[in-house]
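First listed ligand is number 1; within each ligand, the first listed atom is number 1. If you read the sequence from its start, that first residue is 1, and numbering goes on from there. Below, all heavy atoms of this structure are taken into account, side chains as well, without hydrogens, waters or symmetry copies.
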Amino acid sequence: MIDPNASSLESFARAKLAELDAGTLRRRLRPTLRGTGAVAERDGRRLVSFSCNDYLGLANDPRVIAAAQAAAARYGAGAGGSRLVTGNHPLLAELEERLARHKGKEAALVFGSGYLANLGITPALVGPSDLVLADALSHSCLWAGARISGAEVVRFGHNDLADLGCLLDRHRGRHRRALILTERVFSMDGDRAPLPGILALAEEFDAWTLVDDAHGLGVVEAGARAPLEMGTLSKSLGSYGGYVCASAAVIDLLTSRARSFVYTTGLPPASAAAALAALDILESEPERAARPLALARRLTARLGLEEAESAVVPVLVGEAGAALALSAALEERGFLVVAIRPPTVPAGTARLRIALSAAHDEAQVDALAEAVRDLRG
Ligand SMILES: *Cc1c(COP(=O)(O)O)cnc(C)c1O
């Protein structure tokens with residue numbers, strides 16, 4: 001028998017882990033139960049969670065749960081195949097129609113997750129003789145899609161229209177097609193992209209724009225729409241899955257060419273049913289949809305921070321170890337606020353990422369603000 005602990009794989013893993021430990025960058029899984037009212041249970045303790053992306057509190061809404069249960073009971077637990085083979089349950093077409101209508105687009109395509117959507121969209125549209133311009137703070141899966149495409153990838157300064165204009169001017173001419181990647185609401189900073197300006201530059205230089213709306217849907221809805229709008233069913237809709245909305249022709253092309261759509265199993269019917277029920281609630285209860293942003297503004301006012309532009313409020317700390325310590329101290333006081341460390345955010349900008357939800361009440365937000373102020377001194 002060969003000792004597995006002596007293999008080069010094992011020593012590689014151990015050396016890498018030691019490196020991560022040295023920078024307080026190792027990540028650990030902690031069992032967490034979520035319930036109604038923004039409560040999360042860890043190690044037998046009930047905490048008020050400010051780290052869930054379930055912005056409208058719909059993952060535990062009885063109507064959403066009932067829709068998922070009914071679909072699972074009628075149609076089974078899994079899709080049983082790729083959507084292009086036998087996994088295309090009719091609920092998916094219904095969901096696509098609803099998503100397209102919500103976004104004012106001709107058509108939509110549902111993927112297995114938001115990450116899979118971004119892995120598939122960019123490579124189906126651009127290739128080695130093309131150009132991708134991505135905001136410096138773009139989500140990991142936007143970068144991954146760009147790299148897989150084989151296009152030349154250039155980053156522009158975060159929300160920096162002047163930089164984007166210069167780069168288009170310098171690089172656009174040498175490329176056949178160009179695609180700009182950005183986010184409506186940036187996932188770790190909570191600020192919004194200057195979409196009208198980006199769309200104007202895209203028009204001027206004949207570039208296409210893909211907006212990742214993972215953190216905007218249902219929370220920050222107003223404003224310009226890009227030709228390509230992708231997002232996730234797993235945040236404000238409380239379910240699981242990803243989607244893209246665009247023109248009918250673009251959606252038809254992605255249906256045939258996006259590999260992370262073609263070569264993977266369709267979404268379970270229960271996830272589609274849950275997302276449909278959540279969309280109904282989102283559209284029929286505007287007062288619920290208005291709450292996360294209102295609570296985020298209440299929090300930024302109490303913390304003396306710039307007014308929130310979305311449901312995400314970053315509290316910058318700096319070093320990873322200090323962010324972890326602040327998170328641990330908040331957990332002692334009954335709050336779950338996970339520290340975000342590099343490489344999710346740039347080095348030296350470790351932070352608490354506070355996510356507000358319609359499930360929070362004002363008193364919980366005020367108590368968190370007081371605890372953060374107290375701990376930061
Ligand atoms: C969460 C997230 C995704 C991925 O969505 P999943 O459905 O969770 O895979 C994509 N982009 C951004 C900006 C996100 O925050």
Novice: Heavy atoms, side chains only, cut-off 4.5 Å: are H215 and R184 in contact?
Specialist: no
Novice: What about G114: any of its N or O atoms under 3.5 Å from an N or O on ligand 1?
Specialist: yes
Novice: Is there at least one pair of N or O atoms, one from Y115 and one from ligand 1, spaced under 3.5 Å apart?
Specialist: yes
Novice: Go through ligand 1 atom by atom and flag the ones less than 4.0 Å from a non-hydrogen atom of K235.
Specialist: 1 (C), 2 (C), 3 (C), 14 (C), 15 (O)
Novice: Quick one: does G241 get within less than 4.0 Å of ligand 1, heavy atoms only?
Specialist: yes
Novice: Please identify which atoms of ligand 1 are closer than 4.0 Å to at least one heavy atom of C141.
Specialist: 10 (C), 11 (N)
Novice: Please list, in number order, the atoms of ligand 1 under 4.0 Å from a heavy atom of S187.
Specialist: 15 (O)
Novice: Run the ring-ring contact (aromatic ring centres under 6.0 Å, His included) test against F156 and tell me which residues pass, sequence neighbours left out.
Specialist: none
Novice: Looking only at protein heavy atoms, which one is nearest to atom 8 (O) of ligand 1, and what is the separation?
Specialist: S234 OG, 3.4 Å
Novice: So do the side chains of E41 and R34 get within less than 4.5 Å of each other, counting heavy atoms only?
Specialist: no
Novice: Would a 4.5 Å heavy-atom cut-off, applied to side chains only, mark L210 and N118 as touching?
Specialist: yes
Novice: Would R98 and E94 count as a salt bridge (Lys or Arg N to Asp or Glu O under 4.0 Å) here? Give the steps.
Specialist: CA-CA 6 Å; R98 286 291 305 279; E94 192 183 330; 5.9 Å; no
Novice: Charged N to carboxylate O below 4.0 Å: is that the case for R373 and E370?
Specialist: no
Novice: Which atoms from ligand 1 have a heavy atom of T232 less than 4.0 Å away?
Specialist: 5 (O), 6 (P), 7 (O)
Novice: Look at D206 together with R177 and state whether they make a salt bridge at an N to O cut-off of under 4.0 Å.
Specialist: no
Novice: Just distances here: any N/O of N118 and N/O of ligand 1 closer than 3.5 Å?
Specialist: no
Novice: Taking both backbone and side-chain atoms of D212, is any N or O found less than 3.5 Å from an N or O belonging to ligand 1?
Specialist: yes
